[in-house]
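Here the structure is laid out as structure tokens; the discussion comes afterwards.
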Protein chains: 2
Amino acid sequence: MVVDQLSDAELDRLFQAFADTTRRDIMRRVAVGEYSVSGLASLYAMSFAAVQKHVAVLERASLVTKEKRGREQIVRGNHEGLQKARRLLDEYEAIWRQRAGRIADILAEE
Amino acid sequence: MVVDQLSDAELDRLFQAFADTTRRDIMRRVAVGEYSVSGLASLYAMSFAAVQKHVAVLERASLVTKEKRGREQIVRGNHEGLQKARRLLDEYEAIWRQRAGRIADILAEE
DNA sequence: CTGATCTACAACCATTTGGTTGTAGGATAT
DNA sequence: ATATCCTACAACCAAATGGTTGTAGATCAG
């Protein structure tokens, strides 16, 4: 059963967000601890604005949320987003296994 | 334990490949049955060349293989590629649960 | 042999992407 | 009050993306 239906555009954004090394690294970081945008920016050899854009991409993909705290913006991982991506790949995996099962049946018939 | 190490570039290609509705649809199709490139092309409202490019993207991402049969090129899903993507998301999931565990520990201490 | 089919690939185009610098505004510390 | 820090956002640029059309090489059917 499909629990929640994601639109094509949402899935596009989700996987697009994962398709960049810096963004995957940010995901790993914010899964473990709390980071401000500038805190994240200090970790990479690129401008603050570039990191800011990466965070924005993750945010639009619902993989991350931002919360203002004083003058900082705290970035937090959003578990739901990650689960949605995982669920889709699980679906594909299931389709695959289903076929593998059918092939086994066909071989058994012969 | 990490079974096989994927380079950043490989992961970029993997997720990039999933970040398109047409390509995800192709993946679903070839997971179930056999399709030639032109067979796939007939399914979508775009040129043959466009579909050919999509298949090429999937191929470079190791999500699909092509095999020449007569004048046709048969496209087949590659289970390994799919598993690699899934495995990465599982890793993230694990990192997440680990943190959830730590938080539970911290709460238990208080 | 001829014609139709399937594929590959180049050239082109508009849009998006990933990066930059620069400007401006709100929050903090001294 | 002033200087500093963090953020937002615009403008710009080069490269990649997703699409097109056109050309040409194999393979198959009649």
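Throughout, protein chains are lettered first and strands after them, A, B, ... in sequence-line order, and every chain is numbered starting at 1.
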Quickly work out the [X] [atom1] to [N] [atom2] distance and round it to whole Å.
X        : N       : atom1 : atom2 : answer
Lys68(A) : dC5(D)  : NZ    : C1'   : 14 Å
Glu59(B) : dT7(C)  : CD    : P     : 13 Å
Phe48(B) : dC9(C)  : CZ    : P     : 11 Å
Met46(A) : dG19(C) : CE    : P     : 4 Å
Glu67(A) : dA8(D)  : CD    : P     : 13 Å
Lys66(A) : dT7(D)  : NZ    : C1'   : 8 Å
Tyr44(B) : dG19(D) : OH    : C1'   : 16 Å
Arg71(A) : dC6(D)  : CZ    : P     : 6 Å

Minimum heavy-atom distance between Ala31(B) and Trp96(A), given as atom pair plus value: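 It is CB-CE3, 3.7 Å.
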Check ion pair Asp20(A)-Arg24(A) (N to O, under 4.0 angstrom):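 No, this pair does not count.
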Basic-acidic side-chain contact under 4.0 Å: Glu34(A), Arg69(A):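 Judged by the 4.0 Å cut-off on N to carboxylate O distance, Glu34(A) and Arg69(A) do form a salt bridge.
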DNA chain D contacts among residues 7-41 of chain A, heavy-atom distance under 4.0 Å: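 DNA chain D contact set from residues 7-41 of chain A: Ser36(A), Val37(A), Ser38(A).
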Would you mind listing the cluster partners of Ile95(A)? Hydrophobic ones only (ILVMFWY), side-chain contacts under 4.5 Å, chaining allowed.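 Ile95(A) shares its hydrophobic cluster with Val32(B).
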Please determine if a side-chain N or O atom of Gln52(A) lies less than 4.0 Å away from the OP1 or OP2 oxygen of dA8(D).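 Yes.
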N/O (side chain, Gln73(A)) to phosphate O (OP1/OP2, dA8(D)) under 4.0 Å: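 Affirmative; the distance criterion is met.
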Tell me whether the rings of Tyr92(A) and Phe18(B) are parallel (<30°), tilted (30 to 60°) or perpendicular (>60°).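 Judged by the thresholds at 30° and 60°, the geometry between Tyr92(A) and Phe18(B) is perpendicular.
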Is there a salt bridge (charged side-chain N to carboxylate O under 4.0 Å, His left out) between Arg87(B) and Asp90(B)? Walk through the geometry before answering. CA-CA 5 Å; Arg87(B) 221 173 283 147; Asp90(B) 282 345; over 6 Å; no
Base, sugar-phosphate, or nothing: which does Lys53(B) touch, judged by heavy atoms less than 4.0 Å apart?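 Counting heavy atoms under 4.0 Å across all strands, the contact made by Lys53(B) includes a base.
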Earlier contact from the 5' end, DNA chain D, for Ala49(A) and Arg69(B):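 The answer here is Ala49(A).
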If you group Ile, Leu, Val, Met, Phe, Trp and Tyr by side-chain heavy-atom gaps below 4.5 Å, do Met27(A) and Leu88(A) land in one group?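 Both belong to a single hydrophobic cluster.
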